[in-house]
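Okay, so here's the structure we're looking at.
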2 protein chains.
Amino acid sequence: MDKKEERLSHILAVTIEVLGKEGADQLSMRKVAKAANLSLSNLQYYYKDKEILLIATAQYYFQRCKQEFTQTINLLKEKHNFTVPIFLETVLDLWLVNGKENSQNIMFREIWALSSRNKELEIAVETYYKNYCIWTVELFASFFKQPERLISLLIPYAEGYAIMGTVLPLDKKKIIGMLMDLIEHIES
Amino acid sequence: MDKKEERLSHILAVTIEVLGKEGADQLSMRKVAKAANLSLSNLQYYYKDKEILLIATAQYYFQRCKQEFTQTINLLKEKHNFTVPIFLETVLDLWLVNGKENSQNIMFREIWALSSRNKELEIAVETYYKNYCIWTVELFASFFKQPERLISLLIPYAEGYAIMGTVLPLDKKKIIGMLMDLIEHIES
DNA sequence: ACCTGAACACCGTTCAAGT
DNA sequence: ACCTGAACACCGTTCAAGT
């Protein structure tokens, strides 16, 4: 990585920090510039306006998410007591998270909102989800007969659960039980 | 409804319009004031700052959503060819909508994003989802044995589908088929 | 190629003042 | 109770200028 690339990704890392701390509505070019120790105009030299900065930031963030995901999955696979049901339960427990307690979900909310006003960002989000489905289908293909069906069920469910999982009539434990039963039914 | 109330709800209706057209990031007190034919300071007399205006707007919007929901469901129930499987398929087709094509979902995205930075708005969103679950459980209780389980499955799924349903390995028709099969399994 | 500072139109909020 | 206009600090963007 040369010096310019380092500079660019440092700006993006700082932008993620500001986004996470203050939210999309509070993020300003001036704040990012200050946090990155740049003058406003110098920041604009690297990212010429706010839109471009946000798109680059989202893509940088997605890249990070992928790294985190593969790392977590690899750790899971290497566990000494690995069985398919244990793997499944662990994955479900990992995926069903409350959006308000999870910094990754807070970032995604900001990105979603921005993407509904920005065609290019919308495409970046769509691409990420598409790839996410591909990785997870591949992962599930090692253990299940119907990976496409399982992923088409579980990924949207997890996304929705992040939004409003806390107010459902069933608690998380019962939901995981239900999902495991449904998966067994799909696979049978 | 007295004159003040009318004035207040007119402002909220105008705010919803501006939000839908331009998005949360483009919404300004000045724009709302202009669109509602008020001076900026006069708008601030009714809603003293942007936060309060947005919370009131979200609640007003939720109220509208409830009306729309009950109306749609009543029309469905009154249909001459009503059977439980047809009802279920129609409801699923109605619920599984692409978030980008649906103006209600665009509004919800804006509200979600705002709510992650605002405790009071977050509570309003949570309350809405809680009530939504209660209505739908009641509705399903007329036709199904396990309404809580079905709603705990379907509502988060529909929310997640709105976000990323377009990139799933299965198409909508197959997904509805899968869900109907799963529902049958839960009920059996 | 990289960086600066001033200027512009816009924003939310505050406040003293009117009816 | 309802409404006004000016003022303030902040914002994104543009631009002419430096190294």
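Here is the naming used below: chain letters follow the sequence lines, and residue numbers restart at 1 for every chain.
We find that NZ of A:K34 is positioned 14 Å from P of D:dG12, with the value rounded to whole Å. The distance from atom CZ of A:R30 to atom P of C:dC11 is 15 Å, rounded to the nearest whole Å. Rounded to an integer number of Å, the gap from A:K3 NZ to C:dA1 P is 17 Å. For the pair A:Q26 CD and D:dC11 C1', the interatomic distance rounds to 11 Å; values are reported in whole Å. A:L40 has its CG atom 11 Å from the C1' atom of D:dT14, to the nearest Å. If you measure from atom CG of A:D25 to atom P of C:dG12, you get 12 Å, rounded to the nearest angstrom. Following rounding to the nearest Å, B:E51 (CD) and C:dC11 (C1') show an atom-to-atom distance of 17 Å.
Across the C1' atoms, D:dA16 and C:dC3 are found 13 Å apart, a figure rounded to whole Å.
Taking only side-chain atoms of A:R7, from C-beta outward, the nucleotide of C:dA7, C:dC3, C:dC11 with the closest atom is C:dC3. Of the candidates D:dC2, D:dT13, C:dT13, the closest approach to any side-chain atom of B:Y46 belongs to D:dC2. Comparing C:dG5, D:dT4, D:dC11 by their nearest atom to the side chain of B:S41 picks out D:dT4. Between C:dT13, C:dC2, D:dT13, one nucleotide has an atom nearer to the side chain of A:Y45 than all others, and that is C:dC2. Considering only the side chain of A:S39, C:dC3 comes nearest among D:dT13, C:dT13, C:dC3.
In this structure, B:W95 and B:A158 approach most closely via the heavy-atom pair O-CB, 3.8 Å. The shortest non-hydrogen separation linking B:R109 to B:I163 is NH2-O, 4.5 Å. Closest approach of A:V14 and A:A36 over heavy atoms only: CG1-N, 4.0 Å. Of all non-hydrogen atoms in B:V137 and B:P147, the two that sit nearest each other are O-CB, 3.6 Å.
Each of B:K4 and B:Q44 was matched to the nucleotide of DNA chain D holding its nearest heavy atom; the match closer to the 5' end belongs to B:K4.
Within 4.0 Å (heavy atoms only), B:L43 reaches no atom of the nucleic acid at all. B:L38 comes within 4.0 angstrom of no nucleic acid atom, judged by non-hydrogen atoms across all strands. Within 4.0 Å (heavy atoms only), A:N42 reaches at least one base atom of the nucleic acid.
Using modelled atom types, no side-chain atom of B:S152 and backbone atom of B:R149 make a donor-acceptor pair closer than 3.5 Å.
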